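Chain letters run A, B, ... following the sequence lines, proteins first and then strands; every chain starts at 1. We use all heavy atoms of the structure for the numbers below, so side chains are in, but hydrogens, waters and symmetry mates are not. All values derive from a computational prediction rather than experimental measurement.
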2 protein chains.
Amino acid sequence: MPAKRQPARPPAEHAPLELEHFLPYQLSIVSNTVSQAIADDYQRRFDLGVTEWRVMAVLARFDGLSAREVAERTAMDKVAVSRALARLVEAGRVDRATHDGDKRRSVLNLSEAGWAIHDQVAPMARQRERELLAKLDAEEQAWLERILGKLMPPEH
Amino acid sequence: MPAKRQPARPPAEHAPLELEHFLPYQLSIVSNTVSQAIADDYQRRFDLGVTEWRVMAVLARFDGLSAREVAERTAMDKVAVSRALARLVEAGRVDRATHDGDKRRSVLNLSEAGWAIHDQVAPMARQRERELLAKLDAEEQAWLERILGKLMPPEH
DNA sequence: CCGTTATAGTTACAGTTGAAACCATTTGCA
DNA sequence: TGCAAATGGTTTCAACTGTAACTATAACGG
């Protein structure tokens, strides 16, 4: 067995980054790990991508949004929303109509089938969130909520 | 101007997710925003992708790693590491040799050119981290560090 | 009105990504 | 030994992503 590898250079010379204590890196790892865990739950079972699920989640809360409004609320760009909607409409999970008085806009709603999926996926997502929070005590949970609120870019 | 849109269904009926207060979603937004900001700094200037930078960062700390060890330390999969290394070696930023006594393994090190890039990018990354932390007071910073430590998956 | 500019949404293209198959080498063990 | 399984690494293929170009409709300014 090879000996445990040691940092090979004096930090003063090059000041290498310690990735595992670097905040943006930690955020990326934690975020990807939990998102992937949630996605695994519904990806195969419902043939539903992350972007599609996010679109469904906002349509569950707000009726009749346009694609642009969905993009704002999901922090996705309009191309991603357009593609997610194409799949969702094709699969009969979202109903798309045209706005009265502005033929450019679509008017989007979950279909019955869409609601049926939503009502299965939403509890699974909440459960994963609980599992993540279970690693923290009550005080830490409160601080995390507060901190993320401050770190979120203002437009979201 | 259209009236502010209201939630259209009673929460009790379908319990839709409030994305903007959903922890995994917040993490994803914050993480992507900050990672993108950092990446923009060096992406164009050095023609260096995020995956390549991560590989360089671990090679700055540990000499002579194999590709597999790089993958472990960066939390990237081996395919991504293989491709990042191909570009880095091609660009003369990483030297790749073959391990004595195990011809499957490579032995990786930053080249002089690699170090030169590292020594420019690392301070930029640290600066971005400081800007992120500047949104928090000292107490929040301490809690965030503690919390992320607990949320990081054990293997990283 | 009519031409310019802006907006909603889609399409095309090129680059990126991940899963699985693949090759070469090494290890384990009968 | 020698052969099956494991390991390090690359390649392939299909899906996904972002940017820019495009179409259609609406808003604006003279």
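- With rounding to whole Å, Arg68(A) atom CZ is found 15 Å from dT25(D) atom C1'.
- With rounding to whole Å, Asp77(A) atom CG is found 9 Å from dT19(D) atom C1'.
- Under a cut-off of 6.0 angstrom, the local environment of NZ in Lys103(A) is sparse, with at most 12 non-hydrogen atoms contributed by other residues, nucleotides or ligands.
- A salt bridge is absent between Glu69(B) and Arg73(B): the closest approach of a Lys/Arg side-chain nitrogen to an acidic carboxylate oxygen does not fall below 4.0 angstrom.
- In this structure, Arg87(A) and Lys103(A) both approach DNA chain D, and ranking their closest nucleotides by distance from the 5' end singles out Arg87(A).
- Between Ser82(B) and dT10(D), a side-chain N or O to OP1/OP2 separation shorter than 4.0 Å is present.
- Read 5' to 3', the first and last nucleotides of DNA chain C with an atom closer than 4.0 Å to a heavy atom of chain A are dA6(C) to dA12(C).
- Atom CD of Glu131(B) has more than 12 heavy atoms from other residues, nucleotides or ligands within 6.0 Å.
- Dense packing is recorded around CD of Gln127(B), with more than 12 heavy atoms of other residues, nucleotides or ligands lying under 6.0 Å away.
- Comparing Lys78(A) and Thr51(A) against DNA chain D, the residue whose closest nucleotide sits nearer the 5' end is Thr51(A).
- As a whole-Å value, the separation of Arg104(B) CZ from dT10(D) P is 13 Å.
- Nucleotides of DNA chain C nearest to Arg96(A) and Arg83(B) differ in position, and the one nearer the 5' end is that of Arg96(A).
- Two residues are said to be in side-chain contact when any heavy atoms from C-beta on lie closer than 4.5 Å; Leu110(B) and Arg93(B) fail this criterion.
- Where Gly101(B) and Arg44(A) each meet DNA chain C at their nearest nucleotide, the meeting point lying more 5' is that of Arg44(A).
- The existence of a salt bridge linking Glu72(A) and Lys78(A) is excluded, since no basic side-chain nitrogen approaches an acidic carboxylate oxygen closer than 4.0 Å.
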